[in-house]
Amino acid sequence: KSTDVDAPQIAGGRGDLKTVIKACCVAGFGAGANRKEPLGWEIVPGTESEDGFNCAFRPTDLNSGRHIIHITGESSQYVRLKAYFDTAADGSLVDPSPDMQAFPTWVRPNTKIDWVLIGHSRSFLLLLHDQGYTDNDNGFGGTGAALFFGEMPDRTNNPRGNTLLFRIYS
């Protein structure tokens, strides 16, 4: 979560959301007693852009469908998300979901974005809370978003699993 020691922050950079997912799913963060271990995902080789704004992630769990989420940092206010279901022999992403979904990060000057990522080796849920937004007409403080990516069990016999990319925000 964003309040953990050495946790990456969402503070207005185009690659901030990607950095949070990378830290939680691939690399881990912190040191010693404050160390948070990664969830066991990997960056799909060749997908991390030199500028650090774009990247694709997938589970390393061989029993998973190993489906891929690609994150494109469009601006400091949102990213684009797309699911892919495989890679070609050359490593390129193939068999994409029908469209890219926008996902807000709401970064404005002097805004703090809190986040919590909960997950395991096959899926994760990322929750965001923007403390800087207030609906003065109704007295609500803050706004939020949720992103889920990963496997969903069902009763079909699908050897590659069933993957869901879901995002919602208010």
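We're numbering straight along the sequence, starting at 1.
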Distance in Å, [X] [atom1] paired with [Y] [atom2], rounded so as to fall on 0.5 Å steps:
{"X": "Tyr78", "Y": "Arg167", "atom1": "OH", "atom2": "CZ", "result": "12.5 Å"}
{"X": "Cys24", "Y": "Lys36", "atom1": "SG", "atom2": "NZ", "result": "10.0 Å"}
{"X": "Tyr84", "Y": "Asp95", "atom1": "OH", "atom2": "CG", "result": "10.5 Å"}
{"X": "Leu17", "Y": "Thr72", "atom1": "CG", "atom2": "OG1", "result": "11.5 Å"}
{"X": "Phe29", "Y": "Asp6", "atom1": "CZ", "atom2": "CG", "result": "8.5 Å"}
{"X": "Ile118", "Y": "Leu127", "atom1": "CD1", "atom2": "CG", "result": "5.5 Å"}

- Task: Measure up the His67 and Phe85 rings against each other and bin them: parallel (under 30°), tilted (30 to 60°), perpendicular (over 60°).
- Result: perpendicular
- Message: The test is side chain to side chain contact (heavy atoms under 4.5 Å, CB included); show your working for Thr87 and Arg58 and say whether it passes.
- Response: CA-CA 11 Å; Thr87 55; Arg58 71 175 164 208; 3.6 Å; yes
- Quick one: do Leu147 and Leu165 satisfy side chain to side chain contact (heavy atoms under 4.5 Å, CB included)? Show the steps, please. CA-CA 8 Å; Leu147 166 65; Leu165 170 58; 3.7 Å; yes
Over all atoms of both residues, closest heavy-atom pair of [X] and [Y]:
{"X": "Phe53", "Y": "Asp51", "result": "N-OD1, 3.0 Å"}
{"X": "Trp115", "Y": "Pro8", "result": "NE1-O, 3.0 Å"}
{"X": "Ala11", "Y": "Asp16", "result": "N-OD2, 2.7 Å"}
{"X": "Ser2", "Y": "Asp114", "result": "OG-CA, 3.4 Å"}
{"X": "Ala145", "Y": "Pro104", "result": "CB-CG, 4.5 Å"}
{"X": "Gly28", "Y": "Arg35", "result": "C-NH1, 3.4 Å"}

Short side-chain to backbone donor-acceptor contact, [X] and [Y], under 3.5 Å:
{"X": "Ser49", "Y": "Asn54", "result": "yes"}
{"X": "Glu151", "Y": "Gly65", "result": "yes"}
{"X": "Ser97", "Y": "Ala83", "result": "yes"}
{"X": "Gln9", "Y": "Ala7", "result": "yes"}
{"X": "Trp41", "Y": "Ile21", "result": "no"}
{"X": "Arg66", "Y": "Pro59", "result": "yes"}
{"X": "Lys18", "Y": "Gly52", "result": "yes"}
{"X": "Asn34", "Y": "Val5", "result": "no"}

Could you tell me if the side chain of [Y] sits less than 4.5 Å from the side chain of [X], heavy atoms only?
{"X": "Leu117", "Y": "Leu125", "answer": "no"}
{"X": "Val26", "Y": "Phe57", "answer": "yes"}
{"X": "Val94", "Y": "Ser92", "answer": "yes"}

- Message: Using the rule that Ile, Leu, Val, Met, Phe, Trp and Tyr join whenever any side-chain heavy atoms are under 4.5 Å apart, tell me whether Ile69 and Val44 fall into a single cluster.
- Response: no
- Message: With a 4.5 Å cut-off on side-chain heavy-atom distances among I, L, V, M, F, W and Y, is there a chain of contacts connecting Ile68 to Phe103?
- Response: no
- Query: Please walk me through it: do Cys55 and Ile43 pass side chain to side chain contact (heavy atoms under 4.5 Å, CB included)?
  - Reply: CA-CA 7 Å; Cys55 196; Ile43 294 171; 3.4 Å; yes
- Message: Is there a side chain to side chain contact (heavy atoms under 4.5 Å, CB included) between Phe148 and Ser123? Walk through the geometry before answering.
- Response: CA-CA 7 Å; Phe148 177 88; Ser123 61; 3.7 Å; yes
- When Arg122 is tested against each of Thr163, Leu39, Asp61 for side chain to side chain contact (heavy atoms under 4.5 Å, CB included), which residue passes? Asp61
- Message: So that I can tick it off, tell me whether Arg14 and Glu74 are bridged by a salt bridge, with the cut-off set at under 4.0 angstrom between side-chain N and carboxylate O.
- Response: no
